[in-house]
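All remarks here apply to the structure that follows.
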2 protein chains.
Amino acid sequence: MNESKHDLGAFIRQQRERANLSLRRLAETAGISNPYLSQIERGIRRPSAEILKRLSRALEISAETLYTRAGLIDEGPNPPTVVEAVEGDQRLTPRQKTVLLDLYRALVEAGDVAETTEE
Amino acid sequence: MNESKHDLGAFIRQQRERANLSLRRLAETAGISNPYLSQIERGIRRPSAEILKRLSRALEISAETLYTRAGLIDEGPNPPTVVEAVEGDQRLTPRQKTVLLDLYRALVEAGDVAETTEE
DNA sequence: ACAGAGTGCTAACACCTGCAAGCAAATGCT
DNA sequence: AGCATTTGCTTGCAGGTGTTAGCACTCTGT
């Protein structure tokens, strides 16, 4: 019902028409059923990310764009987070990662006090 | 049964334990139920992108990373460097950044020298 | 005019997601 | 010890996702 938040369906339809694809044709290319695509475009149903991935491929637009449009990704290019940077660092042992992240979290929590309202 | 393709659950659990969060705590922070998170971590259920978004926020990792891990985005984004991420973190004061990066470099050097057979 | 194929949409259904309630085993607290 | 809390997990259940059938309409060719 609530498609007022993101007009994902309208966007998909717009992309489809710009590619001169019929609803059935796009559905078949994306590997989903045509009635479902119809409902997606009209905002009746909210497609899962799996479906969005297929649609993005069929429409030849990036998955990020669609996800962002669908409200599944908050902003555009996210700033790299410390947590995943540390996690992805090959030179650190698991224990070292834990130490670093513990410190990081402690620093952040000390920094903004508004977050923790312990009951 | 199909958890062989992507060990998303294991990855999430790994991230959760790295953050020293209990299952219930993460579930609450992410705004999902704890039994469901349990099932996600064990690969029984496949979470929607909406749930993944909340988890990524609670775990402070980018949604792209999680989506990629879940097989919802094809390509893998380049892992950001720790230095880059720390520098770009708005929540840290310059002094805190210095502390973190000092520790980071110390750990890396220690790891390089010893190449510890820890565990 | 009539078939045939194309368009998008509706209806009924199976399946799965995500949740509330409740469980046993650790852990903490007095 | 006893009792409360916390840990992760199992079980039913409501609601949404995505399907196959079939609807009405338009356009084309004969």
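A note on names: the letters A, B, ... follow the listed sequences, proteins ahead of strands, and every chain is numbered from 1.
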**Request:** Would you kindly give the CD1-to-C1' distance between Ile32(B) and dA20(C), to the nearest whole Å?
**Result:** 14 Å
**Gap between atoms CD and C1', on Glu28(A) and dG18(D) respectively (whole Å)** = 17 Å
**Asked** To the side chain of Tyr36(A), which of dA11(C), dG18(D), dC9(D) is closest?
**Response** dG18(D)
**Message:** Tell me which pairs pass side-chain hydrogen bond (donor to acceptor under 3.5 Å, both in side chains) where either residue lies in residues 20-32 of chain A, with sequence neighbours left out.
**Reply:** none
**Request:** Go through the steps to decide whether Arg16(A) and Phe11(A) satisfy the test side chain to side chain contact (heavy atoms under 4.5 Å, CB included), and finish with yes or no.
**Result:** CA-CA 9 Å; Arg16(A) 173 172 68 81; Phe11(A) 177 71; over 6 Å; no
**Between Gln15(B) and Glu60(B), a side-chain donor and acceptor under 3.5 Å** = no
**Request:** Map Asn34(B) and Ala49(B) onto DNA chain C by nearest heavy atom, then report which one ends up closer to the 5' terminus.
**Result:** Ala49(B)
**Asked** Quick one: which of dT7(C), dG18(D), dT17(D) gets closest to the side chain of Arg24(A)?
**Response** dT7(C)
**Under-4.0 Å side-chain N/O to phosphate OP1/OP2 contact, Ser33(A) with dT20(D)** = no
**Prompt:** So, does Lys53(A) use its side chain to make a donor-acceptor pair with the main chain of Gly71(B) at under 3.5 Å?
**Reply:** yes
**Item:** Distance, rounded to the nearest Å, where Ile51(B) contributes CD1 and dT17(D) contributes P
**Value:** 12 Å
**Request:** Measure the distance from CD on Glu50(A) to P on dC16(C) and round it to the nearest whole Å.
**Result:** 14 Å
**Request:** Return the angle between end axes of the helix from dA1(C)-dT30(D) to dT30(C)-dA1(D), with five pairs used per end and rounding to 10°.
**Result:** 20°
**Prompt:** If only side-chain N and O atoms of Arg13(A) are considered, is one of them under 4.0 Å from the OP1 or OP2 phosphate oxygen of dT7(C)?
**Reply:** no
**Asked** Picking from dC9(D), dG8(C), dC9(C), which would you name as closest to the side chain of Pro35(A)?
**Response** dC9(C)
**Asked** So, is Arg16(B) close to the dG8(D) phosphate, meaning a side-chain N or O under 4.0 Å from OP1 or OP2?
**Response** yes
**Asked** With respect to the side chain of Ser48(B), which nucleotide from dT7(C), dG18(C), dT17(C) is positioned closest?
**Response** dG18(C)
**Message:** Could you tell me if Thr68(A) and Thr65(A) have a donor-acceptor pair between their side chains, going purely by distance under 3.5 Å?
**Reply:** no
**Message:** I want to check one thing: is the phosphate of dC9(C), taken as OP1 and OP2, less than 4.0 Å away from some side-chain N or O of Ser38(A)?
**Reply:** yes
**Prompt:** Considering only side-chain heavy atoms of Arg45(A), which listed nucleotide, dG18(C), dG18(D), dT7(C), is closest?
**Reply:** dG18(D)
**Prompt:** Between atom CD1 in Ile40(B) and atom P in dC9(D), what is the gap in whole Å?
**Reply:** 12 Å
**Asked** Considering the options Ile12(A), Leu55(A), Leu66(A), which one meets the side-chain contact (heavy atoms from CB on, under 4.5 Å) requirement together with Ile61(A)?
**Response** Leu66(A)
**Request:** Name the nucleic acid region contacted by Gln39(A), choosing base, sugar-phosphate or nothing; use a 4.0 angstrom heavy-atom cut-off, strictly under.
**Result:** nothing
**Prompt:** Within the side chain of Arg45(B), is there an N or O that forms a donor-acceptor pair under 3.5 Å with the backbone of Ile40(B)?
**Reply:** no
**Leu55(B) CG to dT17(C) C1', straight-line distance once rounded to whole Å** = 14 Å
**Message:** Without decimals, in angstroms, what is the distance between Ile44(A) CD1 and dC9(C) P?
**Reply:** 8 Å
**Asked** Taking Arg54(A) for the side chain and Gly31(A) for the main chain, is one N or O donor matched with an acceptor at less than 3.5 Å?
**Response** yes
**Message:** Nearest whole Å is fine: how far is dT7(D) C1' from Leu21(B) CG?
**Reply:** 14 Å
